[in-house]
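Down below is the structure, laid out as structure tokens.
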Amino acid sequence: MELPKITVVTPSYNQALFLEATIQSVLNQEYPNLEYIVIDGGSTDESVEIILRYTQYLTYWVSEPDNGQTDALIKGFARATGDILCWLNSDDLFEPGTLKQVAEFFRENPQAQVVYGDSTWIDAEGKKLRPKKEHAFNLFIFFYDHVYIPQPSTFFRRDIYEKVEGLNSEIDVAMDADLWIRFAKVTNIYHVRRQWSKMRFHKEAKTHPQRLLKKARMQRQELRRKHYGDEPNWSPKVKKVLAKSMRISWKLVTGCYW
């Protein structure tokens with residue numbers, strides 16, 4: 001049976017330090033039905049030179065000014081023809097064999113529309129910081145404690161992406177959390193205990209604790225209000241304590257801490 005086509009979109013802007021490793025981690029999957037799209041935001045570093053080395057392996061690429069990461073992803077997914085979609089940021093990596101494992105999961109679970117695996121946190125040099133093992137999806141914990149789904153380990157069918165009308169162009173930091181929430185409203189989100197990616201933490205990262213953290217928190221709070229409505233000031237605080245307790249207990253029971 002033919003493996004499903006998987007589309008990987010890599011958005012990038014001035015990430016020449018990490019971009020080549022990201023591209024290689026996709027191509028080294030040696031997945032036979034791969035569609036790889038790179039959307040560069042008009043980088044002024046060596047990014048374009050790096051991309052040019054791999055153009056024969058890319059389905060599409062462009063380097064032009066855009067309106068940020070979400071805009072780049074929307075442009076990439078608009079060109080996607082794969083059965084399964086995902087994105088891999090230009091400083092993250094796939095683990096070897098990830099795409100084949102993802103394809104096998106969807107083939108064995110035809111009812112599944114969205115799945116996420118585990119990840120490993122690495123530093124700027126690629127050294128392991130710690131494993132990021134997760135439990136099954138729970139929307140209450142997701143809203144009130146932690147957006148714990150590792151984005152580069154998340155894969156979804158094109159049908160569900162189109163059904164929820166894709167990424168929201170107005171959300172530039174918590175765009176993944178918004179998409180997962182809209183997925184969760186219409187389908188089950190599955191979890192597989194496999195290391196599917198490496199998430200790089202460094203001072204230039206968009207999600208670095210010292211950069212855009214306040215904005216990301218505000219966007220997540222707005223998403224929560226859209227889902228649950230306005231709450232008295234005490235309510236989110238109480239629910240956060242409950243959600244954190246649930247998360248810690250669940251991770252202990254399922255062996256996520258070792």
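Quick caveat, the model's predicted, so the values are computed rather than measured. We number each residue from 1, following the sequence as shown.
Under the 4.5 Å side-chain criterion, counting only non-hydrogen atoms from C-beta, I6 is in contact with Y31. Between F156 and I189 there is no side-chain heavy-atom pair separated by less than 4.5 Å. Side-chain contact between Y148 and F137 is present, with at least one heavy-atom pair separated by less than 4.5 Å. With contacts defined as side-chain heavy-atom distances shorter than 4.5 Å, the pair W61/S12 does not qualify. Side-chain contact check for L58 versus I37: every heavy-atom pair is 4.5 Å or farther apart. At least one side-chain heavy atom of V62 sits under 4.5 Å from a side-chain heavy atom of I39. The shortest side-chain heavy-atom distance between E104 and R107 falls under the 4.5 Å cut-off.
Salt bridge annotation for R247-D145: present, with a cationic side-chain nitrogen under 4.0 angstrom from a carboxylate oxygen. A salt bridge links E64 to K75: at least one charged side-chain nitrogen sits closer than 4.0 Å to a carboxylate oxygen.
Each of T98, V8, V9, V102 was compared with C86 under the side chain to side chain contact (heavy atoms under 4.5 Å, CB included) criterion, and only V8 meets it.
No donor-acceptor pair closer than 3.5 Å links the side chain of D66 to the backbone N or O of D71. Put simply, the side chain of N109 never gets that close to the backbone of A112: no donor and acceptor are under 3.5 Å apart. The closest donor-acceptor contact from the side chain of D45 to the backbone of Q15 lies under 3.5 Å. Proximity of a side-chain donor or acceptor of D83 to a complementary backbone N or O of P4 within less than 3.5 Å is not detected.
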Please determine whether side chain to side chain donor-acceptor pair (under 3.5 Å) holds for the pair Q69 and Y13, giving the CA-CA distance in whole Å, both sets of side-chain angles, and the decisive distance to 0.1 Å. CA-CA 8 Å; Q69 183 182 16; Y13 180 68; over 6 Å; no

Report task. Please report the C-alpha distance between K240 and K237 in whole Å, then the side-chain angles of each, then the deciding distance to 0.1 Å, and finally whether the side-chain contact (heavy atoms from CB on, under 4.5 Å) criterion is met. Result -> CA-CA 5 Å; K240 182 175 179 62; K237 296 178 182 178; 5.7 Å; no

*Residues S119, K198; criterion side chain to side chain donor-acceptor pair (under 3.5 Å); working and verdict*: CA-CA 6 Å; S119 187; K198 295 179 180 179; over 6 Å; no

- Checking side chain to side chain donor-acceptor pair (under 3.5 Å) for the pair Y36/T10: CA distance, chi angles, key distance, verdict? CA-CA 8 Å; Y36 191 20; T10 292; 2.8 Å; yes

Apply side chain to side chain donor-acceptor pair (under 3.5 Å) to residues T187 and Q113 and explain how you reach the verdict.
CA-CA 7 Å; T187 192; Q113 299 291 308; 5.6 Å; no

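Sequence neighbours left out, the pairs with a member in residues 149-159 that pass side chain to side chain donor-acceptor pair (under 3.5 Å) are W87-Q151, N89-Q151, S153-S197, R158-E162.
For E30, the CD atom is loosely surrounded, since the number of other residues' heavy atoms within 6.0 Å does not exceed 12. No more than 12 heavy-atom neighbours from other residues, nucleotides or ligands sit within 6.0 angstrom of CD on E165. Within a 6.0 Å sphere centred on CZ of R193, other residues, nucleotides and ligands contribute more than 12 heavy atoms.
To the nearest 0.5 angstrom, D118 atom CG is 11.5 Å from M199 atom CE. Between atom CG of residue L27 and atom OG1 of residue T22 there is a gap of 11.0 Å, rounded to the nearest 0.5 Å.
Here Y116 and F155 keep their ring centres 6.0 angstrom or further from each other.
Residues satisfying the salt bridge (Lys or Arg N to Asp or Glu O under 4.0 Å) test with E20, not counting sequence neighbours, are R53.
A donor-acceptor contact closer than 3.5 angstrom links the side chains of T120 and Q195.
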